[in-house]
Structures are given as structure tokens and as C-alpha cells.
Protein chains: 2
Amino acid sequence: MKKTTIQDIAKAAGVSKATVSRAIHSPQLVKRNTLNRIQLIMESRDYVYDAVAGDLARKKSSIIGLIIPTIKNSIFSSTVYGIQQKAEEYGYTTLIGNSNYDNETEIRLMKLFQQRRVAGLIVTGLSAGSLKRIESLVQQEVPSVVTWELPDTDTVSFAGFDNFKAAYSMTDYLIRLKHLRIGLIIGPYTKIDRARKRFEGYLAALKNHGIVYDPDLIVECNYTMIDGKEGMHRLLSLTESPTAVFAVSDVLAMGALSAIKEKGLNVPKDISLAGFDDIEFAAFLDPPLTTVKIPAYEMGQLAVKALFDLINSGSKSIKQYRLNTDLIIRESCGEPEGNKGKSIQRNE
Amino acid sequence: MKKTTIQDIAKAAGVSKATVSRAIHSPQLVKRNTLNRIQLIMESRDYVYDAVAGDLARKKSSIIGLIIPTIKNSIFSSTVYGIQQKAEEYGYTTLIGNSNYDNETEIRLMKLFQQRRVAGLIVTGLSAGSLKRIESLVQQEVPSVVTWELPDTDTVSFAGFDNFKAAYSMTDYLIRLKHLRIGLIIGPYTKIDRARKRFEGYLAALKNHGIVYDPDLIVECNYTMIDGKEGMHRLLSLTESPTAVFAVSDVLAMGALSAIKEKGLNVPKDISLAGFDDIEFAAFLDPPLTTVKIPAYEMGQLAVKALFDLINSGSKSIKQYRLNTDLIIRESCGEPEGNKGKSIQRNE
DNA sequence: CAAGAAAATGTAACCGGTTTCATAATCAAT
DNA sequence: ATTGATTATGAAACCGGTTACATTTTCTTG
């Protein structure tokens, strides 16, 4: 049984395809009478509009493409959610691709989406290469916006936040609590720009306070709880282990926390722990996690807003949203034991 | 600047559209020489294949639609991930819609996907209404598979597990630990079939052990940590509070756990706590959470497999995968205090 | 080299809509 | 009833590909 098309409807209603098309999209252009007849026939024949054909004819689609590193980290889910909510308001659907933190995959997905003729693209880019790629997409008239970072360009729209500053402020906070040996558990900062910026923020904070950087305190790993746990175990087995650890992702922090507990240590008495993202469960940990709040949901919404500005302006209106992050002080960080009152050692 | 089409390429290469089309999809049908020429021209003009036009002409698409309750719960993310991984193997992309546990939205999304002419649909259905809808979709030749449950039908493919049994087994386990007052924190079981099945599993276990069902011990709520926390607070403020609580979602359990700690109680000494789903963090909680493991990832993969069987067989081959759930015993459940050795009270 | 088979390419209809422009029908007002 | 404006509809080209079928080219081989 062939699917019903507007042609069929037209014939049955004794009108032309054009009229049926109008009946669907601009009913006010069709006489009451005709309209009713057409609608009745559509009902009775289970007509289903073909959005593919429509998109082709109209030369525009109502799908936006979204590329994120992974759907498995709930912090990205929040952004996705923000995007979907907002996109839906505009009548758009979202096609999601996971790059799995892989550059090749990311590029492949961009191409794929471009082939699908998405109305626009939102990318949580990985590297400088991503940016180049996006600039070229924009030139090829695929409206695109970057999120989760502040790319250094004025030709690309974005809704992001300052990864450097966010990591800086947390490190600074820990230093002010009088920590001198601050461990860092962080994602693959050689591959991912965002992670590198955070790493630099950490470094800069140390430097500003005149603290020497100790490479032994850095654990580079992937973004799972297991990684966090293993990373923390490594730090704890150091001859001179850190008094505070900054896990640059709450997921890592959670893994780290479990490692600490396994060792029978107390947070924050024996060791301070800080996270990054402020995902929902951060507040529910024991102790509640001090972390950096990323406005993931709002960022998603603004990314969509920026995207539609781009779309509606024929790629003219470039919007760049810089969102703030917040230090969320809970109970997982305190002054280092035995260091109370001691002033910070400086290396000059 | 107009986009380059195969027409343009054809003209430039001095061949027909058909040859260009072949060069793209079946290069082995094109002479080496011509092929090279065409490819060169495609390169130089930044030709981007139009998958929309292709899909229309070919009357099939390479997008599969996916409807889940919410992307925000990581347990669904696992299923999504499984689906995306598998779908990608087959060269398909995934369009994701969130129903937000709302029936209307779910139906709207199904229609939307049908209009988009998706190759197939994977639905984490909500209610009996969903099933009806899906049966009708299948009749309209939209290959569809249900997941996350075992619909009672033989005309629809699915990859799911037995929600009743899963909840039954956990409740049974708690009872065998000698708990008599078992609280239940559960999602909106009046609206969501899956939740209702679980509720019934709980009820059946009680009944089988001759324990009277106390409505005061049931908290019906949504699926966030806050809900779990509030729910647990309610249970703890009961005159006769439960000795064990079964939170039918790890997210709820985590909220519940924080409520328990807030009260200064110990798990499992003062109260036992069980979850459902076995999301990644369940093992990392303090104490590690006893829960029911749902094979979310595998389920996603099998759903895709079932879907492609359906697609490739012209909707003939119906596959029904019944997956097992496992009781994961960790440390959050123990015998009730002061009840040790006491035998179970029966109400006959 | 001729002839038949195999390989390469072209022609044109088609997928299911949209939209411009022209024409026909209706309406208001003189 | 006539005219001009307004509203409703139709005809046909178009969107960018695919594909069945026909035709041409190239390859084999006797």
C-alpha cells in the first residue's frame, strides 16, 4: 500500500497539489469549504506530511545538529537538554552526535550533518582544529555556534565560559585555604583545548602565588569515575601526597572521593577535594562537593538563541555569549591539617 | 553563492548526472579515468552531497528516531549510547526526542519522526497508549521497536526486561534480610507503565511473604535526587519508619541517601537502602549501593539489532529480546537492627 | 576484422513536496 | 450590470538527487 501524497489528496478533493500544500501550511489562503474537504480527506486517508520532501523543496530544514563529546556525562546532558528545550520552541528537532572526545569523529559528524542539510550546528569543539573547521562551515553557509568555550575569533558565534578563569578561581581558592600541594586530576589536556585551558588556569594560580609546580601532582586521564579513583590512588601513594586535590570534573571527583574513603581518610579533614561542573549529585555527596558551577543548561539555551540569530540574519548577526561560572563552596574543602596559621611558602 | 550540485559537477566533467551519482555511490561502475576527473572536480568545488534529496529519491532515510523519557538520567544515556554505537555501525544517525515522561509529547514526537520519514523508531514507551500507537505505526510501515519493557504483544519487536520481576527480586531480597517495613520511593506509577509494573513487583513480594502492605510506606514522586531526598525525609518522619527503603531508581536512592545522612543515621546499620538501575555512580556511593542492574547499554544495542531486522525484512521478522536484570549486592543493605534472628511476622 | 558480450554512460521519469506567476472566481461599490 | 479590487485556485518549474532502461563504447575472441 503506497503512502498517501498530496497528489492523492488533491485528486480526491478535485483540487491541485498547490491548494493542498496551502491547506497544510497557510490554511487562511484556502476557502473554508475547500479546506474542510481537504482536511477530511487527509484524515480519512491517514495522510502524513513528508518533511523530507518539504525540506528539499523549501531548501531549508528544521533540524539542528549537535555535536558533544559524550552523552554519558550528565553535565553535557544538561546542555543538550537546554538546547532541545529551546530548539523545540522554535519548532526544531535535534540530531545528536557524540565525538567521544575524538577529533576525527568530530569532523566526520560535521560533514554528516552538513550533508543532512541541518539548519544549523552547535558544536562543543575539542581543539583548535575544530574552530578552523567551523569557520569554514560558516563560510559554506552552515550557521554554526560553538559552546563550552570562548573561541578566540570574531567571526564565529558562541555561548561559552572561560575555562581558564574557572580553573584559576578554584585553584586560587584552595591556595587561600593555605594548600601548597594541590593535586590535579584532569582530562586529556593535550588533546582537548578546554582541558588545556583549565590546566593553564591551575598553573597560573600557582604561579601567581609563587608556588612551584610539581608535575608529580598532575594526573591526566579520561573522564570516568574509575579514572578519578585510580588517579586519586596514585596521588595518595605519593611520598609527599597533596593536601588538596582539584578533580576537574565532578565525575572524576566522585571517583576520587571513593578512593579517599577506601584509604580510610576523611574529607576535608585529611584531604580537601574540589570538583568542576556542579552536576546534580555534587550537592548530594558526602561531604557535599565544593565545585565550579558551569551554567550548562543556560549555555544550551543561549547557544540556540545565537544559532537562530545567525539563521535569521543570513549568517550576519554574530552573537557571543560569555557566561559566568561560580565557585560553589560546600564542605569538601578546608584548611590543611597542621598547616593552620602557617603562612604560604613562596619560592622567591 | 549557490551550492554545488551533481548537475554542476556533471557539466564540468562533461558527463551526465547519473554518472556523477554513480561515482558517489558505486565507483566501481565508473571508468577509472572518469571517476578521477569527477572526484577532482568535486574536491575543487567543495561539493557536499545532499542527503535530503538522496533520501527523497531513494525513498528511504538513514536516520533512526529515538524517544526516551529524558536525557538527564544517565541510565537512559547508556541506552542512547548503545543505540548510537550500533546504529553507527550500520551507517545510521540518531534523532533523539525527550518525552519528559509526558504522553502527549511522546505522541507528538512519534508523529514528528514519522514525518521525517525515519528509517525506524525506537521507543521507550510510557503507557499502554504508547503500545497502541506503536502497533499502528508498524502497520503504517514505520519499523518500530519498544525498549525498557516487555510489551504484551506478538506483533511488535522489543528489547526489554521484566520490570515486575526486577522489583520483585529486590523486595524479596530485602524481606529475606528480615525486613518487614520496607519503604518504597517510586516514580509516577499511575502514569508510567514501567513504574507500575515495579510497584506490582514490590506488592507481590510482600504478599508472597505474607507481609501486609502499608500505603504510608509508599512515596510516589518524580525522578530527581531532590525527590528522593524529600521522599526519604517523609519516610523517616513516620511514627513507625521503615527499616529498609527501596528507591526504584539509583538517582532517587542517592537523594534518599543524603537525607539519611542528614538525619545522622547510618546505612545499613540504622536503615537499609536499595536502588534500581545500577548507574555508574552506584558503586561509588558511601556505602556502595545495592541495586538492580539494568543492561541499559546492551538493551540499546539489541533494540537497534531488532530494528534492522525489521527494516531489512520489510517488517516481517519480529524479534523480541528479553534481557536479564541482576541483583547487585553491595553494602547498603543489611539485617534490621534488633531484628536479628527474629522470624518474619506473617499476617495470617 | 567482425560480432557478441561486457562495461560505461546517457536519457528521462520520478521522489513529494513548494512557490511564482497567471488565471479564474468572488465581492464591493458605483 | 460593470468595473476594479480581492480572494481562491491552477499550471508548471523546481529542489537535488536516483534508477530503470536504452544506447554507446570498449573489450574479447574466433
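Please read all numbers here as calculations on a predicted model, not as lab measurements. In what follows, every chain begins at residue 1, and chains take the letters A, B, ... in the order their sequences are listed.
- Using a 4.0 Å cut-off on heavy atoms, the residues of residues 18-30 of chain A that approach DNA chain C are A/Ala18, A/Ser21, A/Arg22, A/His25, listed by number.
- For A/Arg133, the salt bridge (Lys or Arg N to Asp or Glu O under 4.0 Å) criterion is met by no residue, not counting sequence neighbours.
- DNA chain C is contacted by both B/Gly14 and A/Thr4; B/Gly14 maps to the nucleotide lying nearer its 5′ end (nearest heavy atom per residue).
- Counting only residues at least two apart or on different chains, the salt bridge (Lys or Arg N to Asp or Glu O under 4.0 Å) pairs with a member in residues 310-323 of chain B are B/Asp309-B/Lys319.
- For A/Asp8, the salt bridge (Lys or Arg N to Asp or Glu O under 4.0 Å) criterion is met by no residue, not counting sequence neighbours.
- Protein atom NZ of A/Lys11 is 16 Å distant from nucleotide atom C1' of D/dG10, rounded to whole Å.
- Note on residues 33-48 of chain A: no pairs pass side chain to side chain donor-acceptor pair (under 3.5 Å), not counting sequence neighbours.
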- Task: Give the intermediate values and the outcome of side-chain hydrogen bond (donor to acceptor under 3.5 Å, both in side chains) for residues A/Asn100 and B/Tyr81.
- Result: CA-CA 10 Å; A/Asn100 290 316; B/Tyr81 195 65; 3.1 Å; yes
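- The overall bend of the helix from C/dC1-D/dG30 to C/dT30-D/dA1, read as the angle between its terminal helix axes built from five base pairs each, is 30° when rounded to 10 degrees.
- Residue pairs meeting the salt bridge (Lys or Arg N to Asp or Glu O under 4.0 Å) criterion with at least one partner in residues 16-31 of chain A, sequence neighbours excluded, are absent.
- In 5' to 3' order, the nucleotides of DNA chain C bounding all contacts with chain A (an atom under 4.0 Å from a heavy atom) are C/dG16 to C/dT20.
- Applying the side chain to side chain donor-acceptor pair (under 3.5 Å) test to residues at least two apart or on different chains, the pairs with a partner in residues 59-70 of chain A are A/Ser62-B/Arg116.
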- After noting the C-alpha distance and the side-chain angles of B/Phe158 and B/Tyr321, does the key distance pass the ring-ring contact (aromatic ring centres under 6.0 Å, His included) rule? CA-CA 6 Å; B/Phe158 61 75; B/Tyr321 296 103; 8.6 Å; no
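- What separates CD1 of A/Ile6 from P of D/dT9 is a distance of 15 Å, to the nearest Å.
- Within residues 37-60 of chain B, the residues that place at least one heavy atom under 4.0 Å from DNA chain C are, in residue-number order, B/Leu56, B/Ala57, B/Lys59.
- If you check the side chains of A/Gln85 and A/Gln301, you find no donor sitting under 3.5 Å from an acceptor.
- No donor-acceptor contact under 3.5 angstrom links the side chains of B/Asp193 and B/Ser127, judged on distance only.
- For residues 112-149 of chain A, the ring pair (Phe, Tyr, Trp, His ring centres under 6.0 Å) pairs, not counting sequence neighbours, are A/Phe76-A/Trp148, A/Trp148-A/Phe161.
- Mapping A/Lys17 and A/Thr34 onto DNA chain D by nearest heavy atom places A/Thr34 at the nucleotide closer to the 5' end.
- Applying the salt bridge (Lys or Arg N to Asp or Glu O under 4.0 Å) test to pairs two or more places apart or on separate chains, those with a residue in residues 85-114 of chain A are A/Lys86-A/Glu89, A/Glu88-B/Arg108, A/Arg108-B/Glu88.
- Screening B/Val30, B/Thr5, B/Ile6, B/Ile41 against B/Val20 for a side-chain contact (heavy atoms from CB on, under 4.5 Å) leaves a single residue, B/Ile6.
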